[in-house]
Visitor: 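Below is a structure I'd like to ask you about.
Worth knowing before you read on, the calculation uses all heavy atoms, side chains too, and leaves out hydrogens, waters and symmetry mates. Small disclaimer: the values here were computed from a predicted structure and weren't measured.
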Amino acid sequence: MNAGWRWLTDGSHWTGADGVWTRLGEHLWYTLLALVIAAVIALPIGALIGHTGKGTALVTGLANALRAIPTFGLLILLALYGLTNLRGEFALLGPTIVVLVILAIPPILSNTYAGIAAVDPAVRDAAKGMGMTGRGALFRVELPLALPLILSGLRSAFLQVVATATIAAFVSLGGFGRYVVDGLAQQDYAKVVGGAVLVALLAIIGDRLIALVGHFVVSPGLTGRRVSGRATTADLVVPAESDKPQDSEAAVLRTVDAGGKH
């Protein structure tokens, strides 16, 4: 670990084509591109299945099947196909992004479906009673209520993709995986430790940033945060019948009060 720390704190490792900042940009590019594509695919499908209640078995089976695919084996298979049938940088970048997208779809899909399916039926009925169409209820009621679970799925997908994006280095791409692969080949274990620490830090920081976004976009009523226009506890307490003065007590009070005026 000490050697890894010395490697990380060496300024020469942070600049240049193989520097940390360059590798960070590559790692983020692979991760965000895969997440955006996965969200575009999984969010509408999960919302539709959760709203209609149709295809539940299909989404469950699909999510489990995608999780069971061996990531590294699929990358090698697709990379061989890309080198034969594709051209330029896309020959290796395309297969890598496809693998990461397949990895990111299950948590986004299953959490979106589960979040919308868990909306209280009484809330749906109330939305319909207010004159909302099915689409209006989905976008104005169900999706906002399911947002905490949807963001949880995005966080899970982000963590998995950040960790797995290191495999891009095995097909001659960049990212933090470059330090791990090159360090192992050169027996430079300080470099390996430094690359692993950078991946872990990126995962933690990214997860906290998504959680921070969720703090502001999710309704305070769902997170338990206080809303503006504070109401004290006393304002919310309804006096019990036993606490109210009885007629006899009121009569006594009126008598005492009248006596005091004489």
Visitor: Is it the case that atom CZ in R140 sees more than 12 heavy atoms from other parts of the structure closer than 6.0 Å?
Guide: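 Atom CZ in R140 is not crowded, with 12 or fewer foreign heavy atoms closer than 6.0 Å.
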Visitor: Do V98 and L74 have side chains that approach each other closer than 4.5 Å (heavy atoms only, starting at C-beta)?
Guide: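 No, their side chains stay 4.5 Å or more apart.
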Visitor: Answer yes or no: is there a donor N or O on one side and an acceptor on the other, between the side chain of R124 and the main chain of V119, under 3.5 Å?
Guide: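 Here the side-chain-to-backbone pair exists.
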Visitor: Assess whether side chain to side chain contact (heavy atoms under 4.5 Å, CB included) is satisfied between I150 and L143, documenting all intermediate values.
Guide: CA-CA 9 Å; I150 294 173; L143 278 174; 3.9 Å; yes
Visitor: Taking side chain as C-beta onward, heavy atoms only, is L202 less than 4.5 Å from L28?
Guide: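 Yes - at least one pair of side-chain heavy atoms lies under 4.5 Å apart.
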Visitor: Heavy-atom count around Q187 CD within 6.0 Å, excluding the residue itself: above 12?
Guide: no
Visitor: Going through the distances and angles, do L8 and L198 end up as a side chain to side chain contact (heavy atoms under 4.5 Å, CB included)?
Guide: CA-CA 9 Å; L8 284 172; L198 289 171; 3.8 Å; yes
Visitor: Quick one: are L209 and V213 in side-chain contact, heavy atoms under 4.5 Å?
Guide: no
Visitor: Quick one, F176 with V162, criterion side chain to side chain contact (heavy atoms under 4.5 Å, CB included). Give me CA distance, side-chain angles, the key distance, then yes/no.
Guide: CA-CA 10 Å; F176 287 149; V162 163; over 6 Å; no
Visitor: Please find the pair of heavy atoms, one from A38 and one from A104, that lie closest to each other, and give the distance.
Guide: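 Result for this residue pair: CB-CB, 3.6 Å.
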Visitor: Begin with the C-alpha distance, continue with both residues' side-chain angles, and end with the deciding distance and a verdict on side chain to side chain contact (heavy atoms under 4.5 Å, CB included) for E26 and L173.
Guide: CA-CA 9 Å; E26 294 168 346; L173 293 180; over 6 Å; no
Visitor: According to a hydrophobic-cluster definition based on side-chain heavy atoms being under 4.5 Å apart (Ile, Leu, Val, Met, Phe, Trp, Tyr only), do F90 and L78 belong together?
Guide: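 No, separate clusters.
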Visitor: Check whether any side-chain heavy atom of W7 lies under 4.5 Å from a side-chain heavy atom of V193, and answer yes or no.
Guide: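 No, side chains not in contact.
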Visitor: Could you state the interatomic distance from CD (E142) to OG1 (T112), rounded to the nearest 0.5 Å?
Guide: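 Nearest 0.5 Å value for the CD-OG1 distance: 12.5 Å.
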Visitor: Without swapping roles, check the side chain of T22 against the backbone of G16 for a donor-acceptor pair under 3.5 Å.
Guide: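 Answer holds: yes.
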Visitor: Can you confirm whether V199 sits close enough to Y179 that some side-chain heavy atom of one is under 4.5 Å from a side-chain heavy atom of the other?
Guide: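 Contact flag for V199/Y179 side chains = no.
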Visitor: Can you list every pair that meets salt bridge (Lys or Arg N to Asp or Glu O under 4.0 Å) and has a residue in residues 162-186, with sequence neighbours left out?
Guide: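 Of all non-adjacent pairs touching residues 162-186, those that pass salt bridge (Lys or Arg N to Asp or Glu O under 4.0 Å) are R178-D182.
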Visitor: Is there a side-chain contact between H27 and T166, using heavy atoms and a 4.5 Å cut-off?
Guide: yes
Visitor: Is there side-chain contact between I108 and L43, with at least one heavy-atom pair below 4.5 Å?
Guide: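 Yes, at least one pair of side-chain atoms sits under 4.5 Å.
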Visitor: Measure the CG-CG distance between L147 and N111 for me, rounded to the nearest 0.5 Å.
Guide: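 The CG atom of N111 is 11.5 Å from CG of L147, to the nearest 0.5 Å.
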Visitor: State, yes or no, whether a side-chain contact exists between L80 and I76 at a heavy-atom distance under 4.5 Å.
Guide: yes
Visitor: Look at atom CH2 of W14 and say whether more than 12 heavy atoms of other residues, nucleotides or ligands are closer to it than 6.0 Å.
Guide: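 It does: W14 CH2 has more than 12 such atoms within range.
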Visitor: Name the orientation class of the two ring planes belonging to F72 and F170 (parallel below 30°, tilted from 30 to 60°, perpendicular beyond 60°).
Guide: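 The rings of F72 and F170 stand perpendicular, inter-plane angle above 60°.
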